[in-house]
Amino acid sequence: MKRKLKREMHSIKDIRKDIDNFKNTIKNRNVDVDFDQILNLDEENRKLIQEKEKLEMEKKSISKSKDETLFEKSKEISKKIDDLSKNQKNVKDQLDQILSNIPNLPLNDVPIGKDENSNKEVVKSGEIKELSFKPKSHYEIGEKLNMLDFDLATKTTGSRFVFVKDKLASLERAISNFMIDTHVNNNGYTEISPPLMATDNTMFGTGQLPKFENDQFEIKFDDKNDRKFLIPTAEVILTNMVKNQILNLKSLPMRLVASTPCFRKEAGSYGKDTKGMIRQHQFYKVELVSIVENNKCIEELERMTSCATKILDDLKLPYRKIILSTGDMGFSAEKTYDIEVWLPSENKYREISSCSSCGTFQAKRMKARYKNNNNENEFVGTLNGSGLAVGRTLIAILENYQTEDGSITIPEKLRPYMNNMEKIGIN
RNA sequence: GGAGAGAUGGCUGAGCGGUUGAAAGCACCGGUCUUGAAAACCGGCAAAGGGGCAACUCUUUCCUGGGUUCGAAUCCCAGUCUCUCCGCCA
């Protein structure tokens, strides 16, 4: 069932009430928002609504009276209402357009800054092994094993794709299964195997549309009006499971996990990470999503992040956890932790997970609510995090577990998933 | 691809031109009873938006978009989705 709903990311009421707070906070997010125009449109909108409602009331009373002498007048009123409605709708559309492009407000403890340079390290964990030889990059290792084939992908599909073959394909699958099992068995998540496509409406709900359409792959489905996109992350489809719903308090928290391919255009990243499988148009990711009471977001974010880092602990991969600054956070987030894994060949940490609380931001877009203890409707809180990016975990294992002869030691936790194999070497 | 049926509140489900924002049941909230709970009984309970300090009040909404009418959940047209049957294919 498809409903057309008025959608806005921030409630205009909130903005009206606390305009200064919005102005100051949004400033830190690297976007320009014309708040004066918002207020003008809002005022105009409400003025038109009032005029319209006055006429509607009059018309209604005529039809109730069943007084035939007034019928003619009623027709005239209808015309006026039509004109006013069109006008009002127009104003409202303009307003919604602006509102739907405003990002979420960062929480107070998020460091203020305009890019990644203002991110702050929270913890560092795991031991970086000193290698007695010069570490090779994951693609050197993979190509030498003949188990990562980028040229083949270029031939069949194009750049930024890869064939993962043989034992590394098994390893990739093992990583994914190990992660899902851990989240299901130890962390209370429910496994979902979702559709990999989503409608435009769904993409709006989590914030990918309208602003980031250029990053998405649109599918030519059929000639009908509805648009479909390949999901850039399972967050989209998992979070939207509760869209347009009023949930029972008892059903919260909902914790969902899915391992899915993700599809991204990576527009604007030309020349960045062109070698290897760090940045691909398609990659596997194990995604965690939580739907919670909106006052539980912060504690859930900590919980979710620790579920993700636990995987790295288990795999004995060195990592650090950082908190993103206001300018580096995603559109829908109010607070984000990135987890970065150590890559010996680059001699630095690289992102392997991103865990965000979106507060009620996505819920407002999706109209996802629950009845609280007072029987009132409240918007849910939504969170999402990678637990973890599978492709990048594969990379991290290749690089951190490499040996001088070019073979890979398989992390102990993954061996049960690979027939107890201990290492992957050249055939 | 062919042939039918349907879409109503958190859910199930009545209504099929004029106090119908919508019966009934379930769920939920409050109360009585109970040592506590259950049961039973009583009461409340749609959403969005506008105005008001507030009590409150107004408007819109019965899949979506058009149309008929003074008046539409109810009639007409188009679209979307769902279900059943047949065919076809995994």
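Chain A is the first sequence line, chain B the second, and so forth, proteins listed ahead of strands; every chain is numbered from 1.
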Are A:K321 and A:Y337 in a cation-pi contact, defined as NZ or CZ under 6.0 Å from the six-membered ring centre and within 45° of the axis? yes
Check the side chains of A:S325 and A:S118 for a donor-acceptor pair under 3.5 angstrom, ignoring hydrogens and angles. no
Of B:G49, B:C28, B:G51, the nucleotide closest to the side chain of A:K13 is B:G49
Integer-rounded Å distance: B:C28 C1' and A:Y370 OH: 15 Å
Determine the Euclidean distance between corresponding C1' atoms of B:C16 and B:G71; express it in Å to zero decimal places. 16 Å
Can you check the distance between B:C42 and B:G52, where both ends of the measurement are the P atom (answer in whole Å)? 42 Å
Searching all strands shown, indicate the nucleotide that pairs with B:A46 (Watson-Crick or G-U wobble; both distances under 3.5 Å). B:U61
Just how far, in rounded Å, is P of B:U59 from CD of A:Q88? 16 Å
Quick one: A:R46 CZ to B:G52 C1', roughly how many Å, whole number? 13 Å
In Watson-Crick or G-U wobble terms, both distances under 3.5 Å, what is the partner of B:U34? none
Which pair of heavy atoms, one from A:L168 and one from A:G142, lies closest together, and at what distance? CD1-CA, 4.3 Å
What distance, rounded to whole Å, do you find between the two C1' atoms, one in B:G15 and one in B:C81? 23 Å
At 4.0 Å (heavy atoms only), tell me whether A:N377 reaches a base, stays on the sugar-phosphate, or touches nothing. sugar-phosphate
5′-ward residue of the pair A:N248/A:Q245 relative to RNA chain B: A:Q245
Please give, in whole Å, the distance from B:G51 C1' to A:K54 NZ? 13 Å
Short side-chain to backbone donor-acceptor contact, A:R392 and A:V341, under 3.5 Å: no
Heteroatom pairs (N/O) under 3.5 angstrom, protein to nucleotides 68-73 of chain B:
unit_1	atom_1	unit_2	atom_2	d
B:C70	O2'	A:S74	OG	2.9

Between P of B:G30 and CG of A:N372, the distance in whole Å: 11 Å
Any donor-acceptor pair under 3.5 Å linking the side-chain atoms of A:E334 with those of A:N104? no
With a 4.0 Å cut-off on N to O distance, would you call A:R279 and A:D273 a salt bridge? yes
Which part of the nucleic acid, if any, lies within contact of A:K47, taking any heavy atom under 4.0 Å across all strands shown: a base, the sugar-phosphate backbone alone, or nothing? nothing
Strictly by Watson-Crick or wobble contacts shorter than 3.5 Å, is anything paired with B:C83, and which nucleotide is it? B:G4
If the P atom of B:C63 is compared with that of B:G9, how far apart are they to the nearest Å? 8 Å
Watson-Crick or G-U counterpart of B:U74, or none if no pair lies under 3.5 Å: none
Between A:F229 and A:F217, is the ring centroid distance below 6.0 Å? no
Does a side-chain N or O from A:R369 land closer than 4.0 Å to OP1 or OP2 of B:A46, or not? no
Can you tell me which nucleotide in B:U59, B:A46, B:G50 comes closest to the side chain of A:K371? B:A46
Any side-chain donor paired with an acceptor under 3.5 Å for A:H10 and A:D14? no
Suppose you measure atom P in B:C76 against the same atom in B:A7; what distance do you get, rounded to whole Å? 14 Å
P atom, B:A27 versus B:C62: distance in rounded Å? 28 Å
Could you state the atom-to-atom distance from CD of A:E58 to C1' of B:U59 in whole Å? 14 Å
Rounded distance (Å) that lies between atom C1' of B:G44 and atom CD of A:E376: 14 Å
Using atom CG of A:N244 as one end and atom P of B:A47 as the other, report the distance to the nearest whole Å. 15 Å
Interatomic distance at C1', B:G44 relative to B:C58, whole Å: 23 Å
For B:C89, give the paired nucleotide (Watson-Crick: N1-N3 plus N6-O4 or O6-N4; G-U: N1-O2 and O6-N3; both under 3.5 Å), or none. none
Just by distance, no angles: are the side chains of A:T25 and A:N21 close enough, under 3.5 Å, to form a donor-acceptor pair? yes
Side chain of A:N375, heavy atoms from C-beta onward: which of B:G50, B:U59, B:C29 has the nearest atom to it? B:C29
Let's test this: given Watson-Crick or G-U wobble pairing with both distances under 3.5 Å, identify the partner of B:U12. B:A24
B:U19 and B:A72, which share atom name P, separated by this distance in whole Å: 11 Å
Assess whether one donor atom and one acceptor atom, taken from the side chain of A:E53 and the base of B:G49, lie less than 3.5 Å apart. yes
